[in-house]
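Here's the structure, in structure tokens; my notes come after.
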Amino acid sequence: MGDVKPAALKGRALTKIYKMGAVEVTALDQVDLDLYEGELVVFLGPSGSGKSTLLNILGGLDQPTSGEVRFRDHDLTHATDRALTTYRREHVGFIFQFYNLIPSLTARENVALVTEIASDPMHPAEALALVGLSERQDHFPSQLSGGEQQRVAVARAIAKRPALLLCDEPTGALDSKTGILVLEAILRVNNELGTTTAIITHNAGIADVADRVLFFGDGRIVETHVNQTRRALAEVTW
Ligand SMILES: Nc1ncnc2c1ncn2[C@@H]1O[C@H](COP(=O)(O)OP(=O)(O)O)[C@@H](O)[C@H]1O
Ligand SMILES: [Mg+2]
């Protein structure tokens with residue numbers, strides 16, 4: 001990145017310790033991290049290295065044992081549950097491995113559930129077009145492939161125009177070809193809306209189109225790769 005962008009999220013000395021009886025597990029160990037406005041960051045690393053724990057803390061789903069997180073001017077570490085709920089609802093779009101669509105609602109209605117309570121949402125049709133599902137708006141989840149269902153979940157996450165898009169193994173339940181379509185939808189959102197995006201994925205191909213790749217090991221960020229130029233989607237060999 002040539003120009004210096006402000007940080008949307010700042011994490012400082014983030015530590016998370018789980019206590020199970022007499023056993024303590026250090027899931028995160030003094031992690032410092034900035035996510036800059038508009039960038040795309042990929043988290044890579046072995047299972048159990050702390051990726052999900054960090055993403056959940058950044059998204060206000062969990063609190064660190066110690067350390068601080070700030071979103072723009074907001075201190076999330078000392079926030080009330082109510083303030084964290086507001087933060088998640090207004091500013092964060094989440095995508096998980098499982099899509100959690102409501103089976104009795106069409107694709108458009110699943111997206112509309114979110115846009116109805118957002119302050120400046122896009123039209124559900126616009127969100128579905130962005131992920132390439134204009135032709136599938138009136139389909140129910142059972143009439144869609146896994147990859148299409150996950151793209152509905154992407155549309156649902158971004159229709160409220162969140163500042164942050166946090167994705168925890170969004171392609172984990174998909175075959176690689178289908179997974180690529182989902183990653184492409186996420187990349188298009190990042191490109192076209194400028195949504196600050198973090199993705200946990202085992203699909204290393206995405207590392208070339210990211211601004212930065214963070215490698216996790218044992219609850220720490222052990223290495224960071226910065227791509228001086230982001231590769232265009234079409235140039236990526238997956
Ligand atoms: N709710 C929990 N209770 C106890 N230990 C947990 C919990 N969640 C995660 N851990 C432990 O914290 C460590 C990091 O987990 P996680 O952040 O899920 O890693 P990753 O997403 O990289 O696979 C692992 O050792 C895991 O077993
Ligand atoms: Mg995980």
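Reckoned from all heavy atoms, side chains included, excluding hydrogens, waters and symmetry mates. Counting starts at 1 for both ligands and their atoms, in listed order. Source: prediction; values computed, not measured.
The Pro46 neighbourhood of ligand 1 comprises atoms 22 (O), with distances under 4.0 Å to a heavy atom of that residue. Annotation for ligand 1: atoms under 4.0 Å from non-hydrogen atoms of Ser49 are 19 (O), 20 (P), 22 (O).
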Derivation and outcome, side chain to side chain donor-acceptor pair (under 3.5 Å), residues Arg82 and Thr85: CA-CA 5 Å; Arg82 193 192 163 113; Thr85 302; over 6 Å; no
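The pair Lys5-Glu39 does not meet the salt-bridge criterion, since no charged nitrogen lies less than 4.0 angstrom from a carboxylate oxygen. We find that Arg12 and Asp34 are joined by a salt bridge, their nearest charged nitrogen and carboxylate oxygen being less than 4.0 Å apart. Here Arg72 pairs with Glu37 in a salt bridge; the nearest charged N to carboxylate O distance falls below 4.0 Å.
Ring geometry, His91 versus Tyr87: the interplanar angle falls from 30° to 60°, so the pair is classed tilted.
Tracing side-chain contacts under 4.5 Å through hydrophobic residues (I, L, V, M, F, W, Y), one never reaches Leu40 starting from Leu214; they form parts of separate clusters. Linking ILVMFWY side-chain heavy atoms closer than 4.5 Å, directly or via other members, places Val152 and Leu193 in a single hydrophobic cluster.
A donor atom on one side chain and an acceptor atom on the other are not found under 3.5 Å apart for Thr86 and Arg89.
Among the backbone and side-chain atoms of Ser52, an N/O/S atom is found under 2.8 Å from the Mg ion (ligand 2).
Looking from atom 17 (O) of ligand 1 to the surrounding protein, the closest heavy atom is Thr53 OG1, 2.5 Å. In this structure, atom 22 (O) of ligand 1 lies nearest to the protein heavy atom Lys51 NZ, 2.8 Å. For atom 18 (O) of ligand 1, the nearest protein heavy atom (residue, atom name, distance) is Ser52 CB, 3.8 Å. With hydrogens left out, the protein atom closest to atom 1 (N) of ligand 1 is Tyr18 CE2, 3.6 Å, a heavy atom. Of the protein's non-hydrogen atoms, Gly50 N, 3.2 Å is the one closest to atom 19 (O) of ligand 1. For atom 27 (O) of ligand 1, the closest non-hydrogen atom of the protein is Val25 CG1, 5.0 Å. Ala27 CB, 3.2 Å is the protein heavy atom nearest to atom 12 (O) of ligand 1.
For ligand 1, the polar-atom distance check finds an N/O of Gly48 within less than 3.5 Å of one of the ligand's N/O atoms. Residue Met20 has no nitrogen or oxygen atom sitting less than 3.5 Å from a nitrogen or oxygen atom of ligand 1, judged on distance alone.
For atom 8 (N) of ligand 1, the protein comes within 4.0 Å by at least one heavy atom. Within a 4.0 Å radius of atom 24 (C) of ligand 1, the protein has at least one heavy atom.
Of the listed residues (Asp29, Asp62, Thr65), just one forms a side-chain hydrogen bond (donor to acceptor under 3.5 Å, both in side chains) with Lys16, and that residue is Asp62.
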